[in-house]
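Every chain is numbered from 1 and lettered A, B, ... according to where its sequence line falls, protein lines coming before strand lines.
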Amino acid sequence: QAKTVLTYSSWLPWTHPINVELYIPWMEAIEKDSGGSIQFKRLPKGVAHPRAHLDAVRTGQADAGMSVHGYSPKRFAAYMFAELPMLGDTGTGTSIALQRTHDKFLADKNYYEGVVLIGMNTHGPGLIHHSKKLFNSPADFKGQKMRTGGPIPKKIVEAWGGVPIRQPAPKSYEILSTGVADGITFPYESLTSFKIVNLVPFSTYVPGGMYSSSHYLVLNQGKYDKMTAAERAAVDKHSGEAFALRAGKAWDLINRRGKEAAIKNGNKLQDAPAAIVDALNELNVQFQADYIAGAKAAGVDGAAILKYFNAEVAKLAK
Amino acid sequence: MTEALTGLVLLLSLSFLRIPIAFSMVAVGFGGMAWVLGPQGAMANVGQTAFDAAINYELSVVPLFVLMGNFVTRARLSSELYTASNAFLGHRRGGLAMATIVACGGFSAICGSSLATAATMAKVAMPSMRRFGYDDSLAAGSIAAGGTLGILIPPSVLLVIYGILTQTSIGKLFAAGIMPGLVGILFYLAAVKAVIIIKPSAGPAGERQNWSQRMQALSRVWGVLLLFGIVMGGIYGGVFSPTEAAGIGAFGGFLFALFRKALNWYTFYEVLLESAATTAMLFAVLIGALLFANFINVTDFPQALLELAGQFSDTPWLVIAAILVIYVALGCVFESLSMILLTVPIFFPLVLELGYDPIWFGIVVVVITEISLITPPVGLNVFVLRGVLPDVTTSTIFRGVTPFWIADLFRLTLIVAVPALSLWLPSFVR
Amino acid sequence: MTVSTNGQVNSGASYWLGTLPSQVLGIVSCAMLFSMMMLTFVDVAGRYVFAAPLPAAYEMIAFVMPGIIFCALPHVNLNESHVTIDLLDGFIPTSVKRWQSVLVNLFSAAAVAFISWRLWARSRDHLRFGEVTDELYLELWIFSTIMSVLCAIATIAFFVNAYGYATNTKRPKKDDGVTST
Ligand code: NA
Ligand code: NA
């Protein structure tokens, strides 16, 4: 019988692959390792707006939940490097490197006041999907209506003469099927979860990713403090780098499934030619400078963070 | 289970004491959350919910579709519709009531709201039905019932909200509403016919018009067709998203009102204020309903319901039948938006689990909420008519809508039994 | 104190605290609603005609929404045009109805005041944690503060009503046009 019942609030549907492959198994692992002393109660719907989930957990509207650093770009300015192009080819590598970067540079910054940080991860590399063509040069973007999420893909599309479309992600099917958008930027996973494999049969992958996004998982502080030492040990066992590894693997798995679904559907997949990679490298100089400036305003050394993160990714890739 | 049921009883009690439904829901939603979550979480949730419900790009369709309806009302597109349908049907017994139904259906194609449709058509159709000696009950009943078509025939604010709540394609939902809407018109025409058979004096025949008069009247409804074509064509042709369509439609309505010289500075202000006030009122209900739903979300009620339904997995139609009965019962007291906001989060997962189509369920839900608009004791369309026609009593109007209400039950049965009726058209939407 | 035909008070404290703010904010709400319509139109037109949508139209529309809603709220409250179940009205004697109206308006005032307070608390959190919008980096606390203040003004409208009923300068009205979907 459970001593501690934890409510988990998810703003993604419970059937979403990342809930199935990451967050539910994480809950089950803790339930098992606590000997059944901790039980999670999965709330039917999210208690708050995705952006507000950190606050929802802090104030006890739910005991656990995840959100996206990019939804609080000022508060989490120090983490915005995790949205930059060409971070790395796997979710596992970039997630562990992100967690280590947090541990080394940011753990003492009190960014997660009032909550217990379980861990963080990236969603792996994001890429370009299009309804009619593969992209071989920045000029191919000219006039293309591209649905983007987050600032980096939007800036890239704008810089190369495309028309960024800002619509909620769940509207992807609708805007692609009707032609409001010609293409979309997403990790491979989203092709299947938003059922758009058929609509965007051309995927262009920039090695290392055209962009990425980072997520974090938190637990209510009061609930954690009231746990027994054994219960806390069960939670801690699956936190930090252990969580990053679990999350990274889960994203790699569901991204691979998305890619396989695209291949099975007969979609055309390619790695971006040098013209695009070079142009993106050029843009990335400014993106990195912007990040370092934002980090400086937040009182952290962005250049050192970037250097460390990239070194960790390289080390993990070996 | 206890918490949820206590909450529901409290909500009804407060509402019957005449406290606005929005604020009853705020009070019970907060109180219930404080009970289950503790006060800190509940208090935080109120601020967060109010903030995030108001700051919402997708919900911008609500004020914009309401605005579109109010502009086209000023542009007098409604009277042209009525003149045209009258030219074809007016000479029959009950013909003016039939013309009202058809004109309501036409107006629904450019107006996203049922109440606006009823209010508009009342101003146009009621005087002529009175002139020809129609029973007030038949006249007002046909307007109140015809008005309900406004939320089924696209564009529709409620279908958009259902689509947002359940992440269902709004384009497909709009396409799905068309045939059930046409069936609704046919059934309502049959209801008028039935009334006339029972009591021929209720709807005397009007003047017969010759074909050249008819064609002339028909040629004047081009404005309605154009606007409908722009909004729906824009959505299905991929020119803009359904969310953007509301803004384009409102702009189109504005141009119509402008070029028909229906706007001076004062009427312009009135249209905007009326639309803004409706929006504020709807969002008060929305915030209340979200708080109430958030309370239900943290109770065991949804889980208990799912488990209960699980026992009927061999006979899913029983669950659907139970849901329909609950809806019709709720429809007695709640108005359309509160009903959808309160029930869809609870029933939708259930219906999906049983293997039913989300688009079909959306149409079923909207048809049921249409019925609620004319179900006593709280039928908002009836109240709207009371406002526009102060000398007709509420009981007269409710008596008048009874045949239409019965027709609605037949239509509901048909739509539930024949999903293809809703799902055939959307199958052509990419 | 003068009372116009529609039962609106035209002078005194009720005018300054109720009628005037609701009218002024009503005009602001109208202006924002019209701008939102134009924003959508220009955004779509810009996308096709110039292959350049209005920058951040998405965000601007989202953030105009609370302005439309909360600026129109005092008007709605003052006119008591919220969705209400007035089923028992026929059975309630007029003398009781007056005090019922007082209580209903006080209850509604409490509900809106509570929301106002919670939005204020939200705005303090927005400020403390530096929450911003994701495109234009607008500070969220500005919006939550404005929403809280507008809610407070809307609360006063209910108090004005309650005062009107209590002093018999406002009479319970018959149901007039309710507007909804
Ligand atoms: Na409609
Ligand atoms: Na009803």
Side-chain angles (χ1 to χ4, degrees), chain A residues 48-56 58-59 61 67-78 80 83 110-115 141-155 157-158 160-168 171 175 179-182 213 290 294 297-299, chain C residues 35-67 69-70 114-148:
Chain A
H49 194 275
R51 178 179 56 216
H53 259 63
L54 176 53
D55 246 42
R58 183 175 61 80
T59 53
Q61 298 167 52
S67 191
V68 177
H69 286 118
Y71 292 166
S72 311
K74 190 177 161 202
R75 177 179 188 170
F76 289 130
M80 291 301 105
E83 302 200 337
N110 205 21
Y111 286 137
Y112 305 89
E113 185 189 335
V115 296
F141 275 82
K142 188 119 191 88
Q144 297 305 305
K145 301 189 295 281
M146 303 290 295
R147 188 266 166 193
T148 57
I152 296 291
K154 180 171 180 269
K155 283 181 191 161
V157 168
E158 276 172 348
W160 293 346
V163 182
I165 303 270
R166 180 75 196 279
Q167 287 280 324
K171 288 271 163 287
I175 57 173
V180 169
D182 304 313
S213 172
D290 289 346
Chain C
S35 319
M36 187 167 83
M37 182 189 89
M38 292 310 295
L39 267 176
T40 314
F41 177 75
V42 172
D43 181 36
V44 172
R47 190 161 78 213
Y48 287 97
V49 183
F50 311 106
L54 210 57
Y58 183 95
E59 204 155 83
M60 285 194 277
I61 288 169
F63 282 84
V64 168
M65 283 291 290
I69 298 160
F70 287 97
F114 182 64
I115 293 174
S116 169
W117 175 45
R118 293 325 304 166
L119 280 169
W120 181 261
R122 189 89 193 100
S123 79
R124 298 304 91 188
D125 276 353
H126 279 151
L127 179 63
R128 179 165 149 225
F129 294 113
E131 296 287 352
V132 293
T133 68
D134 33 300
E135 246 174 294
L136 299 173
Y137 281 42
L138 306 171
E139 299 275 348
L140 289 189
W141 71 267
I142 297 172
F143 295 93
S144 37
T145 302
I146 292 173
M147 286 157 79
S148 170

**Report entry** Steps toward side-chain contact (heavy atoms from CB on, under 4.5 Å) verdict (C/Glu139, C/His126)
**Finding:** CA-CA 8 Å; C/Glu139 299 275 348; C/His126 279 151; over 6 Å; no
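- With a 4.5 Å cut-off on non-hydrogen atoms, A/Tyr71 touches chain C through its backbone but not through its side chain.
- Only the side chain of C/Tyr137 comes within contact range of chain A, with heavy atoms under 4.5 Å apart.
- The aromatic rings of C/Phe143 and C/Phe63 lie tilted to each other, with the angle between the two planes from 30° to 60°.
- Counting heavy-atom pairs under 4.5 Å between each of A/Gly161, A/Ser72, A/Gly70 and chain C puts A/Ser72 at the top.
- Looking only at distances, a side-chain donor or acceptor of C/Ser148 sits under 3.5 Å from a matching main-chain atom of C/Ser116.
- With respect to the salt-bridge test (charged N to carboxylate O, under 4.0 angstrom), the residues A/Glu113 and C/Arg128 qualify.
- Contact of A/Lys145 with chain C is made through the side chain alone, with heavy-atom distances under 4.5 Å.
- Looking at A/Ile165, only its side chain comes within 4.5 Å of chain C, counting heavy atoms on both sides.
- With respect to the salt-bridge test (charged N to carboxylate O, under 4.0 angstrom), the residues A/Lys154 and C/Glu135 qualify.
- For A/Gln167, the part sitting under 4.5 Å from any heavy atom of chain C is the backbone (N, CA, C, O) and nothing else.
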